[in-house]
Trainee: 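First, the structure itself, so that you have it in front of you.
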Amino acid sequence: MRKIIYTTNAIESLNFTLRKVTKARGHLPNDEAALKPVYLGILNMEKKWPRQPKCWNLALNQFAIMFGGRLSA
């Protein structure tokens, strides 16, 4: 699980993309107005991810055990 959680480069890349998306919009009047560009930014970032991280299935199983019914099948 540590390999999945502490993937610093991937997390920093996602944070940079989200900052860039929200900064380009300037002022956002409320939380709902901020959700749309963030959602679209994540969708665009997903296209750049070539494959799942190593050991993802193992980590996903651990998350399912730890967080019960929060994960969908």
Side-chain angles (χ1 to χ4, degrees):
M1 269 182 20
R2 233 178 243 147
K3 288 181 182 179
I4 300 300
I5 293 172
Y6 296 110
T7 53
T8 312
N9 290 338
I11 293 170
E12 290 299 322
S13 175
L14 180 62
N15 286 340
F16 174 75
T17 301
L18 294 178
R19 278 194 307 266
K20 186 170 68 171
V21 167
T22 55
K23 189 174 183 179
R25 299 284 180 190
H27 175 72
L28 297 167
N30 57 27
D31 291 344
E32 288 181 25
L35 279 178
K36 185 175 181 180
V38 168
Y39 175 73
L40 293 174
I42 290 173
L43 284 181
N44 287 335
M45 239 354 238
E46 267 185 340
K47 293 176 187 175
K48 296 179 183 179
W49 295 334
R51 59 184 166 82
Q52 289 181 345
K54 293 179 183 177
C55 306
W56 175 247
N57 290 331
L58 179 62
L60 190 59
N61 290 335
Q62 292 292 321
F63 290 142
I65 291 168
M66 291 173 65
F67 299 111
R70 292 186 187 180
L71 296 175
S72 60

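Atoms considered below: every heavy atom in the structure, side chains included; atoms not considered: hydrogens, waters and symmetry mates.
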Trainee: Which residues pass the side chain to side chain contact (heavy atoms under 4.5 Å, CB included) test with D31, not counting sequence neighbours?
Mentor: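 Partners of D31 by the side chain to side chain contact (heavy atoms under 4.5 Å, CB included) criterion come out as none, since no residue qualifies.
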Trainee: When you group the ILVMFWY residues by side-chain heavy-atom contacts below 4.5 Å and let the links chain together, are M45 and V21 in the same group?
Mentor: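 Cluster IDs for V21 and M45 differ.
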Trainee: Hey, could you give me the OG1/CG distance between T22 and L35, rounded to the nearest 0.5 Å?
Mentor: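 One finds 12.0 Å between OG1 of T22 and CG of L35.
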